[in-house]
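Heads up: the structure comes next, in structure tokens.
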Protein chains: 2
Amino acid sequence: MEQTARVSESISRRPGRPLGGQLVVDREHVLDAAERVIRRDGAGSSLEAVAVEAGVTKPIVYDRVGGRADLADALAERLADRMVLATRTALAGETLSQTGLTRFIEANLRTVADHRELFLYVTGGSTEQTAIGRLSLAERSTTPLTKTLAVWRSGIQQDPGVAEAWAFGIVGMLQMVSQWWITQEGLSAAEVAGQISELLWNGLPGRT
Amino acid sequence: MEQTARVSESISRRPGRPLGGQLVVDREHVLDAAERVIRRDGAGSSLEAVAVEAGVTKPIVYDRVGGRADLADALAERLADRMVLATRTALAGETLSQTGLTRFIEANLRTVADHRELFLYVTGGSTEQTAIGRLSLAERSTTPLTKTLAVWRSGIQQDPGVAEAWAFGIVGMLQMVSQWWITQEGLSAAEVAGQISELLWNGLPGRT
DNA sequence: GCGAAAAGTTACCAGCAGTAAGTAACGGGG
DNA sequence: CCCCGTTACTTACTGCTGGTAACTTTTCGC
């Protein structure tokens with residue numbers, strides 16, 4: 001029952017309005033704590049554990065970030081941001097090349113590997129609309145990709161109307177491949193990235 | 001093979017060994033009940049509800065199918081079987097055509113739409129290894145696809161070593177597109193299938 | 001100083017996965 | 001024929017988690 005509240009003493013853990021009327025533990029602080037606890041204890045971490053790690057109690061978590069679904073959503077946003085950041089250079093410019101695509105995929109895989117548990121936490125939405133909420137990670141990583149695809153398709157005189165469906169498809173492909181890949185042993189990111197890039201660039205029949 | 005044995009008064013719901021020493025409610029019966037309750041009450045259905053629908057109590061569910069993860073796994077197997085069945089004709093034969101691919105994708109989408117809540121239940125694995133267990137649905141639908149791809153790639157003198165990664169990628173793409181599609185309004189399955197087929201067959205740059 | 005508002009905590013509830021222990025019916029051996 | 005072990009099932013619980021109501025403590029405006 002007794003939670004060893006290992007918390008830095010600097011944080012006021014007593015009730016009462018703090019000096020200056022400023023929040024001691026803000027939203028970002030809670031999200032940081034959530035990331036730490038998920039990285040340490042796995043994707044099955046509870047909100048209680050997050051609260052303890054943040055040095056506060058549960059209702060604070062609810063006040064700062066909302067319920068479990070909101071937490072997953074906020075973390076999805078963070079992960080998506082990192083994903084976009086890591087893959088940005090590969091998608092830069094108006095033109096798209098196969099090597100650029102390969103770099104994009106490899107960066108994607110590496111980001112997932114770097115945030116294994118967080119990735120599982122975010123993609124493993126508990127139930128109901130949370131499962132649909134998995135789309136939130138997808139949607140965020142999809143947005144810039146959709147834009148890139150639409151611009152590029154226009155540039156090469158092809159219908160840009162397919163961009164959104166394609167973006168979701170590509171993101172889904174990468175999510176599943178990531179999930180499969182992180183359970184495999186002895187398969188390098190570069191290798192897998194090359195294979196998937198080959199498929200996405202040349203299509204199933206390949207270039208003849 | 002429909003077990004029309006609806007939950008009726010005929011089922012012994014009392015303790016005690018039934019006549020003939022035979023199980024009154026077998027594994028398939030419980031799984032049928034699970035499907036019904038999920039279809040009716042959504043992907044957030046509890047094991048208790050499944051037990052009630054099956055006309056038994058919770059420990060029976062645990063005896064017949066195991067815990068929640070096992071239930072999701074068994075249902076994933078069923079869904080994957082139906083998916084494979086529905087897409088079989090499209091993948092038949094040694095050759096693969098773009099129209100065949102389109103039919104494959106469209107059948108996939110329609111199967112998901114026909115089992116919306118079940119799909120969400122299965123893909124929305126709760127946490128931890130269950131999330132990895134989402135691979136179980138993927139793996140099952142992937143297996144025949146992997147085989148098809150490997151055979152076909154060999155037939156057209158291309159490296160079949162990419163088959164597994166490709167299969168996972170394609171299945172992931174279809175899962176995400178399905179999830180995205182079932183939340184969209186006014187977008188036909190045929191339309192989406194055509195767009196994704198276009199991508200998978202011709203590749204991102206398209207055929208020139 | 002003093003009340004109102006802010007910031008947090010304690011203590012709870014409901015629901016779920018999972019399990020231990022108890023109970024009723026059957027059937028074989030004396 | 002009766003008893004007892006086995007089988008099949010239920011009742012009743014535990015432990016945990018998400019979520020919330022209600023209370024407590026501190027600060028600040030007047």
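Chain A is the first sequence line, chain B the second, and so forth, proteins listed ahead of strands; every chain is numbered from 1.
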Derivation and outcome, salt bridge (Lys or Arg N to Asp or Glu O under 4.0 Å), residues A/R27 and A/D32 = CA-CA 9 Å; A/R27 184 183 164 92; A/D32 288 345; over 6 Å; no
query = Reckon B/R64 has a side-chain N or O less than 4.0 Å from the OP1 or OP2 of D/dC9?
reply = yes
ask   = Are more than 12 heavy atoms from other residues, nucleotides or ligands located less than 6.0 Å from atom CZ of B/R40?
value = yes
Between [options], which one does the side chain of [X] approach most closely?
X: B/V56; options: C/dT9, D/dG18, D/dT10; result: D/dT10
X: A/S46; options: D/dT17, D/dT10, C/dG18; result: D/dT17
X: A/P59; options: D/dG19, C/dT19, C/dT9; result: C/dT9
X: A/R68; options: D/dG18, C/dG18, D/dT10; result: D/dG18
X: B/Y62; options: C/dT9, C/dT19, D/dG19; result: C/dT19

ask   = Is there side-chain contact between B/I170 and B/L149, with heavy atoms separated by less than 4.5 Å?
value = yes
key: Side-chain heavy atoms of A/V61 within contact of A/V65, under 4.5 Å   = yes
message = Can you tell whether the side chains of B/E35 and B/R82 come within less than 4.0 Å, N to carboxylate O?
response = yes
key: B/D73 bridged to B/R140 by N-O distance under 4.0 Å   = yes
inquiry  = Need one value for A/T57: base, sugar-phosphate or nothing, where a base atom within 4.0 Å counts as base even if backbone is also close, heavy atoms only.
reply    = base
task = Specify the angle, to 10°, made by the local axes at the two ends of the helix from C/dG1-D/dC30 to C/dG30-D/dC1 when five pairs are taken at each end.
result = 30°
